[in-house]
Amino acid sequence: MKYDYLIVGAGLYGSAFAHEMHKKGRRVLLIDRRRHIAGNIFTENVEGIQVHRYGAHIFHTSDKKVWDYVNQFAEFNHYINSPVANYKGEIYNLPFNMNTFNKMWGVVTPEQAKEKIAAQIADLHITDPSNLEEQALSLVGRDVYEKLVDGYTQKQWGRPCRELPAFIIRRLPLRFTYDNNYFNDRYQGIPVGGYTIMVEKMLKGIEVKTGTDYRDFVTQQEQDGRVCVSDRLGNTYEKVVYTGMLDEYFDYALGHLEYRSLKFETEFLADCDNYQGNAVVNYTEREIPYTRMIEHKHFEFGTQKGTVITREYPAFWKEGEEPYYPVNDEKNNALLRKYQEMAEKTPHVIFGGRLGQYRYFDMDKVIALALEAASEE
């Protein structure tokens, strides 16, 4: 059978692209290495609670076109992301706002908070930050840095902040209002019933094969100056939409791009209905090995008996593990440019999404990029 597109990866990019092409009458096949659809936004029902298996995902956007688009496939609740930070038993609101500053110093007005931060910054005499620690201190002062930035960032990156480049933190937003809403976007929420149901609706009528690895499934041959893509079943494809790792597509010919990975430790607590009182609690002291704990029922204001919690541990990535965060430092970006040159010479493949473009994107940006690519096609 002849297909127009083989789409590799059933996350948001691949699913949105597949939906658009199917709507236009194109024949598409979507495959995914995992045993399920929805990529990292996959949610699974555990005792009536929608569990975010690959970390917390809150949809937020200021793009009305994207918001209207996703609302075709799901009803979104009114969840507002308001995480808190736990530093040695002290609880602080995030993002850094007047509630944070009041708890930390007892200040009650924006002017008092600004004066406190400015005085701490002035005492440090940092004029040309040479590492992440100095950069952060020059932005927020010592107290906010030591309690809410230092340990958390060290766990995220697996290295002390003084050993990380300054450009990783270009700014640390300070909000001088009593506002705990983490995002500034106009639209925000989580699909009622979870993300997996939303993606299922996006893929209605589309052929999907999970548990299928692209490298085992596809063969490519060059004929008359063009690449012919076929699979082990004898099907052929005009184009490939590839949302896996860019360097993996080219068999790591130029070396590995680096990622940070995550490990998850999930528990169902049958005898506890409310473990931490909030969906997301960040643990900012370095002595606690996980960066945050998620209590999933709070994403949908759940009242079920029992609760599900997940501890999230940052980890070094190595081949064969799940890549989560591209390490967009100078070395990796230089290697990325070389892989992008190879991609430009591969016109039958569209590289998209976080892994295909080696860049962290929020969910709304992934959908916007997929819709743009589909429109160009």
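Because the structure is predicted, anything quoted here is derived from the model rather than measured.
- A cation-pi contact, defined as under 6.0 Å to the ring centre and within 45° of the axis, links K114 to F176.
- With 3.5 Å as the limit, one finds a donor-acceptor pair spanning the side chains of D329 and N332.
- With a 4.5 Å cut-off on side-chain heavy atoms, Y182 and I58 do not count as touching.
- Ion pairing between a basic and an acidic side chain is recognised when a charged N comes within 4.0 Å of a carboxylate O; E44 and R53 show such pairing.
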Legend entry - CA sep, side-chain torsions, deciding dist, call: Y54, Y195, ring-ring contact (aromatic ring centres under 6.0 Å, His included): CA-CA 12 Å; Y54 302 97; Y195 284 99; over 10 Å; no
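- You'll find the side chain of N81 stays beyond 4.5 Å of the side chain of H60, heavy atoms only.
- Using a 4.5 Å heavy-atom threshold, the side chains of W317 and Y325 count as separate.
- Remark: R26 does not engage E20 in a salt bridge, criterion side-chain N to carboxylate O under 4.0 Å.
- Salt bridge annotation for K24-E377: absent, with no cationic side-chain nitrogen under 4.0 angstrom from a carboxylate oxygen.
- L233 and F217 make their closest contact through CD1-CE1, 4.3 Å (heavy atoms, listed as atom of the first residue, atom of the second, distance).
- A donor-acceptor pair shorter than 3.5 Å cannot be found between the side chains of D32 and T210.
- Closest approach of L29 and V208 over heavy atoms only: CD1-N, 4.4 Å.
- Side-chain contact annotation: T219 with S230, donor-acceptor N/O pair under 3.5 Å present.
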Inset, instruction - Evaluate the ring-ring contact (aromatic ring centres under 6.0 Å, His included) criterion for residues H296 and F264: first the C-alpha distance (whole Å), next the side-chain angles of each, then the deciding distance (0.1 Å), finally the verdict. - result: CA-CA 13 Å; H296 301 269; F264 301 101; 9.2 Å; no
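- In this pair, F301 and Y79 present their aromatic rings tilted. The plane angle is within the 30 to 60° band.
- Ring pair Y13/F17 is parallel by interplanar angle, where below 30° counts as parallel and above 60° as perpendicular.
- For V108 against Y178, the heavy-atom pair with the smallest separation is O-OH, 2.7 Å.
- Sorted by first and then second residue, the pairs that involve residues 155-171 and meet salt bridge (Lys or Arg N to Asp or Glu O under 4.0 Å), not counting sequence neighbours, are E133-R162.
- The CG atom of L335 sits 7.0 Å away from atom CG of D247, with the distance rounded to the nearest 0.5 Å.
- Between the R142 side chain and the Q120 main chain, no donor and acceptor come within less than 3.5 Å of each other.
- Remark: side-chain polar atoms of N235 are not paired, donor with acceptor, to backbone N or O of D231 under 3.5 angstrom.
- A salt bridge is absent between E47 and K297: the closest approach of a Lys/Arg side-chain nitrogen to an acidic carboxylate oxygen does not fall below 4.0 angstrom.
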Inset, instruction - Begin from the C-alpha positions of K64 and Y187 and carry the test side-chain contact (heavy atoms from CB on, under 4.5 Å) through to its verdict. - result: CA-CA 8 Å; K64 189 174 188 304; Y187 309 106; 3.6 Å; yes
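- Residues V66 and A368 approach most closely at CG2-CB, 4.0 Å, considering heavy atoms.
- Put simply, the side chain of L172 does not reach to within 4.5 Å of the side chain of Y145, judged on heavy atoms.
- For the residue pair Y313 and Y290, the shortest heavy atom distance occurs at OH-CD2, 3.6 Å.
- A salt bridge links E248 and R33; the closest N-O separation between the charged side-chain nitrogens and carboxylate oxygens is under 4.0 Å.
- A salt bridge is defined here as a Lys NZ or Arg NE, NH1 or NH2 lying under 4.0 Å from an Asp or Glu carboxylate O, and E238 with R27 fails to meet this definition.
- Checked against side-chain contact (heavy atoms from CB on, under 4.5 Å), E90 has the following partners two or more places apart in sequence or in another chain: Y87, Y92, K147.
- Side chains of R34 and N40: a donor on one and an acceptor on the other come within 3.5 Å.
- Here the side chains of F183 and N181 are in contact, with some heavy-atom distance below 4.5 Å.
- For the pair Q357/L369, a side-chain contact is recorded, criterion being any heavy-atom separation below 4.5 Å from C-beta on.
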